[in-house]
Each structure stands twice: as structure tokens, then as C-alpha cells.
Amino acid sequence: MVGLLTPRESAKFIAENSRDVFIDDAGVRRVAELLLAKASGPELRLGGWKALHELNPRAADEAAVNWVFVADTLNFSFWSEHDEHKCLVGYRGRMYSGYWSLCAAINRALDEGIPITSASYYATVTLDQVRHILRSDTDVPMPLIEERHRILNETGKILLEKFEGSFLNCVRKSEKSAQQLMQLVVESFPSYRDVTEFEGKRISFYKRAQILVADTWSVLEGEGDGCFKDISSITMFADYRLPQVLVHLGALKYSDELLQKLLKVKSDISRGLAPVLLFNSFS
């Protein structure tokens with residue numbers, strides 16, 4: 001896309017022009033040392049994704065790739081207004097919240113014989129059917145059900161029209177390149193295009209697109225169609241938890257003005273004057 005900075009270029013430009021958030025080199029080194037110590041452990045190995053959670057697919061086939069595509073297409077906005085009341089999905093004797101509630105709902109639907117990972121199904125799935133598939137086991141529904149329904153219909157139709165109904169065909173068109181797959185995803189599927197303007201530049205985050213690339217690489221175990229030669233070129237995902245973690249570890253610093261605003265929000269939350277939202281882990 002002409003004039004649009006890539007996620008890596010965008011991060012560099014933002015870091016060079018930010019007025020309220022700053023990178024601390026010594027803190028970055030400390031984080032790098034922490035990650036280096038973890039790198040030899042099982043969590044960060046290629047097989048760690050499947051071992052990370054019991055809800056992730058164990059196979060490395062077309063069905064698993066299509067599962068990943070649906071999960072990442074719907075991987076947004078799981079916050080509830082109040083942290084003590086949230087959407088929970090029960091599956092095989094356990095209750096799941098947040099992103100894992102979505103994964104549990106997908107697996108529950110498949111167990112019930114609902115082909116939720118089939119594009120021919122979710123291209124025409126109704127709102128009531130989506131409400132049933134993503135139903136909560138509490139009185140708090142999964143957020144943005146109407147938006148999830150719209151995106152499922154839109155994405156399913158595009159997948160059928162351009163890739164014969166299978167995300168694996170999209171993966172194959174990327175010619176084993178993480179960058180090509182990311183670009184193909186954001187060009188083909190509108191819901192993956194998280195772009196904006198900052199200081200006169202068009203910048204991209206591509207949070208879910210990059211997660212989709214990484215999850216595809218992981219579910220295919222970096223082999224065959226998932227042997228992306230440039231997998232290390234994708235960036236850290238712009239998750240809303242990361243600023244909290246990086247500030248806590250000293251890699252990011254906030255201006256006094258921003259810090260005071262965040263502390264005020266935290267104080268309002270503790271007094272019940274503001275919703276929890278993304279500040280519920282700020283410390």
C-alpha cells in the first residue's frame with residue numbers, strides 16, 4: 001500500500017516522534033537478557049505453541065490452519081466493564097475467559113457438530129447462530145457479537161471467492177514468506193487492516209495479521225507450507241498488555257503528564273468511578 005509504513009517502520013517512526021512514551025535502552029537490555037534466559041526453555045521453542053494451551057489444535061493440517069484463521073479473525077476485544085463480571089465459557093470441565101473463552105467456544109461448537117471453521121458455513125451464519133456459538137456461561141455475553149457476526153460473514157465470503165474457502169490456499173500463495181502472507185491478509189481481509197495516521201505519516205500495526213502469521217507458522221510447526229524463511233521479520237504484536245509489562249520492566253518510560261493521567265484513572269477505578277478496561281493491570 002503506497003505511502004503506508006510497515007509495522008517495523010511505523011514503530012521506528014513513532015519512537016522517534018513520541019512526546020509521552022520513551023524507550024529506555026538500559027531497560028531494553030534487561031528485557032533482552034530476561035528473554036535470552038527463557039529462550040532455551042520449552043515455552044519459546046517452536047513446539048511451545050501447541051503445548052502452551054490445551055485448546056490449541058494438535059494437528060498440523062488444513063483443518064488446524066482453518067481453526068487458527070477463525071480464532072485470529074475474531075481475536076479482539078474481550079474486556080468487560082467490570083473485572084469481577086466477565087464472559088466465561090465452560091468446556092470439558094473448565095471455565096475460560098478472555099481470548100481463551102473464544103477458543104473454548106470454537107471447540108465446543110465443533111464438538112456439537114457446528115462447522116464454525118468452514119468458510120461455507122460462516123459466510124452465511126446468522127446473528128442468532130453466532131450468539132449461540134459464542135454463548136457465555138455467565139450473564140455477561142461475549143462483547144461485540146454483532147461486529148463478530150459481520151466480520152465472520154465478510155471474511156467467509158472473501159475466503160470463498162479468493163481462496164476456494166480455505167486459508168491454507170492463502171498460505172500457499174505467500175510462497176513461504178511471512179511478509180508476503182501478512183500483506184496478502186491485510187490486502188484481502190478488511191478487518192485485519194489496523195492503520196492510522198501519526199505526525200503526517202500513515203502507519204500500520206497489523207496486530208492480528210502478524211499474530212495470524214505467527215500462529216500459522218506455529219500450527220504447521222515451521223514445516224511444509226509453514227516454512228516461512230523470513231519469520232523473524234514480523235514484529236512484536238501491539239497487544240494492550242505489552243505497554244504495562246514493558247513499563248514494569250523499565251523498557252518504556254512515561255512522561256510525567258501521561259503518568260499522572262494513568263494514575264488518576266487507576267484511582268478512579270479503585271473508587272468505582274471508571275470502568276476497568278485496559279487499566280485493570282496498571283501498577
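Below, all heavy atoms of this structure are taken into account, side chains as well, without hydrogens, waters or symmetry copies. Owing to the predicted nature of the structure, the values given are computational and were not obtained by experimental measurement.
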Taking Asp61 for the side chain and Ala64 for the main chain, is one N or O donor matched with an acceptor at less than 3.5 Å? yes
Lys50 atom NZ: more than 12 heavy-atom contacts under 6.0 Å: yes
For Asn56 and Trp67, which I'm curious about, is there any donor-acceptor pair between the side chains at under 3.5 Å? no
Give a yes or no answer on whether the side chain of Thr155 reaches the backbone of Leu152 with a donor-acceptor pair at less than 3.5 Å. no
Can you tell me if Arg131 uses its side chain to pair, donor with acceptor, with the backbone of Ile145 under 3.5 Å? no
Any side-chain donor paired with an acceptor under 3.5 Å for Tyr192 and Thr73? yes
Between Ser136 and Leu88 (side chain of the first, backbone of the second, donor and acceptor by atom type, cut-off under 3.5 Å), is there such a pair? yes
So, the side chain of Arg208 versus the backbone of Asp194: is there a donor-acceptor pair under 3.5 Å, distance only? no
Joint cluster assignment, Phe228 & Leu184, ILVMFWY side-chain distance < 4.5 Å: yes
Tell me yes or no: between the side chains of Glu62 and Ser166, is some donor less than 3.5 Å from an acceptor? yes
Please round to the nearest 0.5 Å and tell me the distance separating atom CZ of Arg29 and atom CG of Asp24. 13.0 Å
Is the shortest side-chain N to carboxylate O distance from Glu9 to Lys201 below 4.0 Å? no
Exceeds 12 heavy-atom contacts within 6.0 angstrom, atom CE of Met95: yes
Decide whether a cation-pi geometry holds between Arg148 and Phe78; the criteria are a distance under 6.0 Å from NZ or CZ to the six-membered ring centre and an angle within 45° of the ring axis. yes
More than 12 non-hydrogen atoms from neighbouring residues, nucleotides or ligands closer than 6.0 Å to NZ on Lys261, yes or no? no
Tell me whether Thr138 contacts the main-chain N or O of Lys86 through its side chain, where contact means a donor paired with an acceptor under 3.5 Å. yes
Find out if a path of hydrophobic residues (ILVMFWY) with successive side-chain heavy-atom gaps under 4.5 Å connects Val70 to Leu127. yes
Does the side chain of Asn153 come under 3.5 Å of the side chain of His149 through a donor N or O and an acceptor N or O? yes
Do Glu154 and Arg150 meet the salt-bridge criterion of a basic N to acidic O distance under 4.0 Å? yes
Return yes if some donor-acceptor pair links the side-chain N/O of Arg19 with the main-chain N/O of Ser255 below 3.5 Å, else return no. no
Cationic tip of Arg172 within the cone over Phe163's six-membered ring, i.e. under 6.0 Å and within 45° of the normal? no
Expected output: side-chain Asp137 to main-chain Gly90 donor-acceptor under 3.5 Å: yes
Quick check against the 3.5 Å criterion: does Asp225 have a side-chain atom that pairs as donor or acceptor with the backbone of Leu220? no
Under 6.0 Å from the CZ atom of Phe76, do we count more than 12 heavy atoms belonging to anything else shown? yes
When you measure from the side chain of Ser18 to the backbone N and O of Ala15, does any donor-acceptor pair fall under 3.5 Å? no
